[in-house]
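Below is one structure, written out as structure tokens; comments come after it.
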There are 2 protein chains.
Amino acid sequence: MPIPYRDSSDRLLTDYPRPSVAVDTAVLTVTPEAELGVLLVRSEAGGWRLPGTFLHPGERLVDAVIRALDVKAGVRGLAPRQLHVFDEPDRDDRGWVLSVAHLDVVPFDSLAQDPDRATIVPTAALEAWLPAPLPYGHAQIIAAAVAELRAEYAERPDPGGLLPEPFTLSSLRRLHEAVASRRLLPDSFRRLMQPQLAPTDDVSEGSVGKPARLFRRAPAA
Amino acid sequence: MPIPYRDSSDRLLTDYPRPSVAVDTAVLTVTPEAELGVLLVRSEAGGWRLPGTFLHPGERLVDAVIRALDVKAGVRGLAPRQLHVFDEPDRDDRGWVLSVAHLDVVPFDSLAQDPDRATIVPTAALEAWLPAPLPYGHAQIIAAAVAELRAEYAERPDPGGLLPEPFTLSSLRRLHEAVASRRLLPDSFRRLMQPQLAPTDDVSEGSVGKPARLFRRAPAA
DNA sequence: TTAATAGTGTCTGTGAGACATTATGGT
DNA sequence: ACCATAATGTCTCACAGACACTATTAA
């Protein structure tokens, strides 16, 4: 129960109108075609938008993100990160709505898509793919999410856990190249990442060329 | 006027209780003693806290920050940056309150302090200085603000505009040392910062030793 | 045997760190 | 003349980039 409280204007806290608070999430993944993609769902208006929902009473933002992805896109098992609050008063025609943008990373195979409800769009070709611009500044959110993801992948091996273990350095590098959407130097990549990986005694098999050693993500640091 | 809208649970948007949204700001500065300090104001309960306020209807978060600093601490002329949303449901005993943490940087001389209302506390000695822990997770906010400020000062010369122009490389380095709270190597500092500064034809005077060239912050990049 | 890929060794250029040397003011 | 500080020159070491060379498998 709120405790009565007067601010500097001597109005009760509960007197003020309050904004609705929504969460919108850019779910990023790497497609089998090695492209960085984002999950979009159909909006009520018929177009496409990022999955989102309104925050329920007493709910954590993270829990609202997980709930929205489960209900709207059938996605589970996530670790969302907060990006930014979008607060333009006129950004949403449903009223005064603040949106807290989030980023999440999910393996492509975990995104069992119902094509009528959800789809994965390559971030590089977002505008060309969409019939109409995304509402509510969602394009800004995707841009911020991609920038954040690239910053994380530039430092650590697959922090989003997109690659099933064990994996080779080559497959890890191809994943990172998809995230960065540019070629990475094999030498520099190996020097940066190999110390952060746990080696196994196994090697890859079934392909031409010398079999590659298999690694797992590092146990400690 | 909000447009009626039914979500997946078939409840009207306006049916849901909404959270109060507050802004809390860590105003950082460097004191004449070359310490990194944060502005605290007296709370209604008698202790100390970060200056903050509730978001008014239709107001931008940035404007709420500026209003709070003006009203509660007499500070003007700011460029706040958003840091993070704190959403623990029980963090505020006045009810369901989300707090959007902000960072701002202000020259020490612009903080005309009324000692009964506001004070500057060295961030390094925060816990030792305070009679009681800060409420509402404000210590977390300060830690995040200091980390963000240090990241910015590691890259660019005085992005917060704390130093009056023109200035010498030595005084700029002493400022950056105060922000980082560690010694910086003069050689590396000069090599990183001098290309980002605009030289003037003047030199410092009135001190012992060879006069130093004076610089201004870079015009472009 | 050849093609293809994995993995290693090594050369080079750049830049950080360290420090010596010169420049130029005040005392 | 001497001291203090600014400014410059240069040596060394670490590392990124580049590339040659070896290793190991499938076809």
Side-chain angles (χ1 to χ4, degrees), chain A residues 30 32-34 150-158 163-218 221, chain B residues 30 32-34 150-158 163-218 221:
Chain A
V30 171
E33 296 80 34
R150 285 183 179 157
E152 292 176 12
Y153 270 72
E155 300 289 329
R156 305 172 155 282
D158 190 23
L163 208 58
E165 294 182 316
F167 48 79
T168 67
L169 271 170
S170 296
S171 56
L172 183 67
R173 179 165 48 79
R174 278 189 291 272
L175 171 69
H176 281 246
E177 286 174 344
V179 170
S181 68
R182 64 183 182 86
R183 284 314 200 108
L184 300 176
L185 296 169
D187 287 348
S188 300
F189 185 79
R190 174 189 292 270
R191 274 198 283 241
L192 177 63
M193 297 299 175
Q194 189 163 346
Q196 305 184 52
L197 295 173
T200 71
D201 293 335
D202 301 325
V203 295
S204 66
E205 53 185 41
S207 65
V208 301
K210 177 175 174 177
R213 294 178 66 186
L214 293 170
F215 295 87
R216 297 180 179 279
R217 277 175 277 275
Chain B
V30 170
E33 296 79 34
R150 284 184 179 157
E152 291 176 11
Y153 270 72
E155 300 289 329
R156 303 170 157 285
D158 191 22
L163 208 58
E165 294 182 317
F167 48 80
T168 67
L169 272 171
S170 297
S171 56
L172 182 68
R173 179 166 49 79
R174 278 188 292 272
L175 170 70
H176 280 247
E177 286 175 342
V179 170
S181 68
R182 65 185 180 86
R183 282 316 199 106
L184 300 177
L185 295 170
D187 287 348
S188 300
F189 185 79
R190 173 189 292 269
R191 274 198 282 240
L192 176 63
M193 296 300 175
Q194 187 162 350
Q196 304 185 51
L197 295 172
T200 71
D201 293 334
D202 300 323
V203 295
S204 65
E205 51 185 43
S207 65
V208 301
K210 177 175 174 176
R213 293 177 66 185
L214 292 170
F215 295 88
R216 298 180 178 278
R217 277 174 278 274

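Since the structure is predicted, the reported quantities are computational estimates derived from the model, not experimental observations. Here is how names work: the chains are called A, B, and so on, in the same order as the sequence lines, proteins then strands, and each is numbered from 1.
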(request) For the pair His176(A) (side chain) and Asp158(A) (backbone), establish whether a donor and an acceptor sit closer than 3.5 Å, ignoring hydrogens and angles. (result) yes
(message) Going 5' to 3' along DNA chain D, which are the first and last nucleotides with any atom under 4.0 Å from a heavy atom of chain B?
(response) dA4(D) to dT8(D)
(message) Test of understanding: with side-chain contact (heavy atoms from CB on, under 4.5 Å), list the residues that count as partners of Thr200(B), not counting sequence neighbours.
(response) Asp202(B), Leu214(B), Arg216(B)
(request) Verify, without hydrogens or angle tests, whether Glu177(B) (side chain) and Ala34(B) (backbone) share a donor-acceptor contact under 3.5 angstrom. (result) no
(message) Nearest 0.5 angstrom please: Asp187(A) CG to Arg191(A) CZ, how far?
(response) 5.5 Å
(request) Considering non-hydrogen atoms only, spot the tightest contact between Leu172(B) and Met193(B) and give its length. (result) CD2-CB, 4.3 Å
(request) Quick one: list whatever passes ring pair (Phe, Tyr, Trp, His ring centres under 6.0 Å) with Phe167(A), sequence neighbours left out. (result) none
(request) Could you state the atom-to-atom distance from NZ of Lys210(A) to P of dG7(C) in whole Å? (result) 6 Å
(request) Could you check which residues of residues 169-180 of chain A get a heavy atom under 4.0 Å from DNA chain D? Sort them by number, please. (result) none
(request) Taking all heavy atoms of Ser204(B) and all of Pro211(B), pick out the closest pair and write down the distance. (result) O-CB, 3.1 Å
N/O contacts under 3.5 Å, protein versus nucleotides 14-21 of chain C?
residue, atom, partner, partner atom, Å
dG17(C), OP2, Ser188(B), OG, 2.5
dG17(C), N7, Arg191(B), NH2, 2.5
dA18(C), N7, Asp187(B), OD2, 2.8
dA18(C), N6, Asp187(B), OD2, 3.4
dC19(C), N4, Asp187(B), OD1, 3.4
dC19(C), N4, Asp187(B), OD2, 2.4

(message) Using five base pairs at each end to define the local axes, how bent is the helix from dT1(C)-dA27(D) to dT27(C)-dA1(D), to the nearest 10°?
(response) 10°
(message) Rounded to whole Å, how long is the line connecting atom CZ of Phe189(A) with atom C1' of dT8(C)?
(response) 18 Å
(request) Return the value, rounded to whole Å, for the distance between atom CZ of Arg190(A) and atom P of dT8(C). (result) 6 Å
(message) Between Val203(A) and Gly209(B), which residue's closest nucleotide on DNA chain C lies nearer the 5′ terminus?
(response) Val203(A)
(request) Using whole Å, report how far CG of Asp202(B) lies from C1' of dG25(C). (result) 16 Å
(request) Answer yes or no: are there more than 12 heavy-atom neighbours, outside Arg150(A) itself, under 6.0 Å from its atom CZ? (result) yes
(message) If you apply the rule side chain to side chain contact (heavy atoms under 4.5 Å, CB included), what do you find for Arg217(A) with Leu163(A), and how did you get there?
(response) CA-CA 10 Å; Arg217(A) 277 175 277 275; Leu163(A) 208 58; 4.3 Å; yes
(request) Determine, step by step, whether Phe215(A) and Thr168(A) satisfy the side chain to side chain contact (heavy atoms under 4.5 Å, CB included) criterion, reporting the C-alpha distance in whole Å, the side-chain angles of both residues, the deciding distance to 0.1 Å, and the verdict. (result) CA-CA 6 Å; Phe215(A) 295 87; Thr168(A) 67; 5.9 Å; no
(message) What's the separation between atom CG in Leu169(B) and atom CZ in Phe189(B), rounded to the nearest 0.5 Å?
(response) 7.0 Å
(request) Would you indicate whether Arg213(B), at its atom CZ, is surrounded by more than 12 heavy atoms from other residues, nucleotides or ligands within a distance under 6.0 Å? (result) no
(message) Regarding Arg156(A) and Glu152(A), does a basic nitrogen lie under 4.0 Å from an acidic carboxylate oxygen?
(response) no
(request) Rounded to the nearest angstrom, tell me the gap between atom CE in Met193(A) and atom P in dA6(C). (result) 17 Å
